[in-house]
Amino acid sequence: MTVDLTGRSFLKLLDYTPEEITYLIELAADLKAKKHAGQAHRYCEGKNVALIFEKTSTRTRCSFEVGAHDLGMNVTYLEPGSSQIGKKESIADTARVLGRMFDGIEYRGFGQDRVEELAAFAGVPVWNGLTTEFHPTQMLADMLTLRERFGSLDGLKLTFMGDAGNNVGNSLMVVCAKLGLDFCACGPAKQMPAPALVERCRGIAGESGSTIEVTDDVERGVSGASCLYTDIWVSMGEPAELWAERIALLEPYRVTEELMGKAAPDAVFLHCLPSFHDTKTQVGADIAERFGITEMEVSDDVFEGPRSLVFDEAENRMHTIKAVMCATLGGASAQ
Ligand code: CP
Ligand code: NVA
């Protein structure tokens, strides 16, 4: 079956079939090879895309910008607070305006309902660059990185340690269920994915032949895992007052060398980034001063160690985001 994603939005992986997700990962691998070989791939020449960021970003913004330029497109960046969105103009009105000018629109911001509404009214593909609930483009990069390391995703177990109910934890559970990886959400009960999403993913995992586990038991979570994955303990949009509670709740789930040693012998470490693994950031230094800890969700030695694939993963953001734009804007057929 040929996959054609022309005109589709990319809002969450629940909307995509395993074949479509695999197609995007393979397209990304192909575009990555072309980029590394210096082979031009301007498959969307002359198109225009808008990037709306209501939250800050390094990787996602740069991936959309570089990816769009490599595909021959022009980019308009709307930074947090710099447009009329939400304050003076509704999402639906914004969508209808931007849809008249652009061929595709990226949105990073708050509730998933906002990006869904944007897509409902824009008339052009809309791409989710992170919402409170989901971070689907991150998943394509993560799966490409694991495929590169292990050759295939078959038989892998991925364990998310810590704040498993955040956008990245939720999305990992969905992508693992779709692509047949065993997934384990390992953290305190209070930070787990919503039960309804867990049940939905268990249904999907049943079809792909994988399992979804939810546990607060660290030993059980890491056992047999091919990948330990974590993310920051307080996400964008959450109040800074949460740090004290989150540190107390999540410290037992920090990914350390000791925990990596209890995972599969060839286990790797992934993190969507940015990460608090030392005190070289404003937040890291502030937390060290207030709470006396110098590393948070991952120890510095794991982050910097040989099992850490975080910078390959970050590079893969660009190749996979490029694949999403290329496929949904019809550029893949120009290949
Ligand atoms: N992983 C990720 O989305 O990074 P940014 O917040 O820098 O875009
Ligand atoms: N959970 C994090 C992911 C950042 C890429 C956040 O939403 O801030």
Side-chain angles (χ1 to χ4, degrees), residues 10-13 28 49 51-68 75 77-80 106-112 114-115 127-146 160-175 185 187 190-194 197 227 229-243 246-247 249-250 253-255 269-277 281-284 287 296-298 303 308-322 324-325:
F10 189 75
L11 306 176
K12 57 187 182 302
L13 290 170
V49 297
L51 311 182
I52 304 170
F53 279 83
E54 296 198 286
K55 290 174 178 167
T56 51
S57 167
T58 296
R59 276 146 292 274
T60 309
R61 174 187 174 180
C62 294
S63 296
F64 272 100
E65 292 212 16
V66 174
V75 176
Y77 172 67
L78 296 166
E79 65 188 302
E106 180 275 355
Y107 173 84
R108 164 173 285 198
F110 297 91
Q112 179 72 17
R114 292 168 73 83
V115 76
W127 310 299
N128 179 355
L130 178 148
T131 57
T132 302
E133 293 88 341
F134 294 114
H135 195 6
T137 61
Q138 178 73 49
M139 298 305 110
L140 299 177
D142 299 343
M143 293 299 122
L144 176 60
T145 308
L146 290 177
F160 184 98
M161 301 291 295
D163 188 19
N166 77 10
N167 40 20
V168 173
N170 285 341
S171 306
L172 283 166
M173 183 167 66
V174 176
V175 79
K190 198 171 174 200
Q191 303 305 131
M192 284 292 118
L197 186 62
C227 174
Y229 196 123
T230 192
D231 185 12
I232 53 169
W233 289 343
V234 175
S235 286
M236 290 183 282
E238 292 192 308
E241 291 72 51
L242 280 175
W243 275 113
R246 292 284 169 83
I247 289 169
L249 273 174
L250 296 170
Y253 300 92
R254 171 181 300 129
V255 179
F269 172 71
L270 292 184
H271 190 310
C272 55
L273 307 184
S275 163
F276 296 126
H277 57 95
T281 61
Q282 232 173 53
V283 175
I287 296 289
M296 288 193 253
E297 71 278 3
V298 57
F303 186 91
S308 171
L309 303 183
V310 296
F311 297 110
D312 291 324
E313 184 185 8
E315 178 191 332
N316 284 339
R317 296 298 310 288
M318 199 278 284
H319 305 298
T320 45
I321 279 175
K322 189 192 287 180
V324 169
M325 289 192 286

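Remember, it's 1-based here, ligands and their atoms both numbered in the order they're listed.
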Determine the sole option in [options] for which the side chain to side chain donor-acceptor pair (under 3.5 Å) test with [X] is passed.
{"X": "Q112", "options": "N167, N170, N128", "answer": "N128"}
{"X": "T137", "options": "E106, R317, R59", "answer": "R317"}
{"X": "E297", "options": "R254, H271, R246", "answer": "H271"}

Looking at ligand 2, does any of its N/O atoms fall within less than 3.5 Å of an N/O of [X]?
{"X": "D231", "result": "yes"}
{"X": "C272", "result": "no"}
{"X": "N167", "result": "yes"}

Atoms in ligand 2 with a heavy atom of L273 nearer than 4.0 Å: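 Those qualifying, in numeric order: 5 (C).
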Any idea which atoms of ligand 2 are less than 4.0 Å away from a heavy-atom of M236?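 It comes down to these atoms of ligand 2: 6 (C), 7 (O), 8 (O).
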Could you name the option among R59, M236, R108 that has the heavy atom nearest to atom 6 (O) of ligand 1?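 When every heavy atom of R59, M236, R108 is considered, R108 comes closest to atom 6 (O) of ligand 1.
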For atom 1 (N) of ligand 1, which candidate among S275, C272, S63, P274 holds the nearest heavy atom?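 The option holding the nearest heavy atom is C272.
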Run the numbers for me: atoms of ligand 1, each under 4.0 Å from some heavy atom of T58, listed by number.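 Heavy-atom distances to T58 below 4.0 Å select 5 (P), 7 (O), 8 (O).
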Polar contact flag for Q138 and ligand 1 (N/O pairs, less than 3.5 Å):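 Yes, at least one N or O pair falls under 3.5 Å.
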Would R61 pass as a cation-pi partner of F53, given that its NZ or CZ must be under 6.0 Å from the six-membered ring centre and within 45 degrees of the axis?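 No, R61 does not lie over the aromatic ring of F53.
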side-chain hydrogen bond (donor to acceptor under 3.5 Å, both in side chains) assessment of E54 paired with Y107: CA-CA 8 Å; E54 296 198 286; Y107 173 84; 2.4 Å; yes
Top protein contact for atom 2 (C) of ligand 1, by heavy-atom distance: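 In this structure, atom 2 (C) of ligand 1 has R317 NH1, 3.2 Å as its nearest protein heavy atom.
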How far apart are the C-alpha atoms of L197 and V174, what are their side-chain angles, what is the distance that settles it, and do they pass the side chain to side chain contact (heavy atoms under 4.5 Å, CB included) test? CA-CA 8 Å; L197 186 62; V174 176; 4.3 Å; yes
Does only the side chain of L130 get under 4.0 Å from ligand 2, or the backbone, or both, or neither? Count heavy atoms.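 For L130, only side-chain atoms sit under 4.0 Å from ligand 2.
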With a 4.5 Å limit on heavy-atom distance, are the side chains of [X] and [Y] in contact?
{"X": "V310", "Y": "F303", "result": "yes"}
{"X": "R108", "Y": "H135", "result": "yes"}
{"X": "L309", "Y": "D312", "result": "yes"}

Sub-4.0 Å heavy-atom contact, L273 with ligand 1: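 Flag set, L273 near ligand 1.
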Run the contact test for K55 against ligand 1 with a 4.0 Å cut-off on heavy atoms, strictly below, and give the result.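 It does not, in that no heavy atom of K55 comes within the 4.0 Å cut-off of ligand 1.
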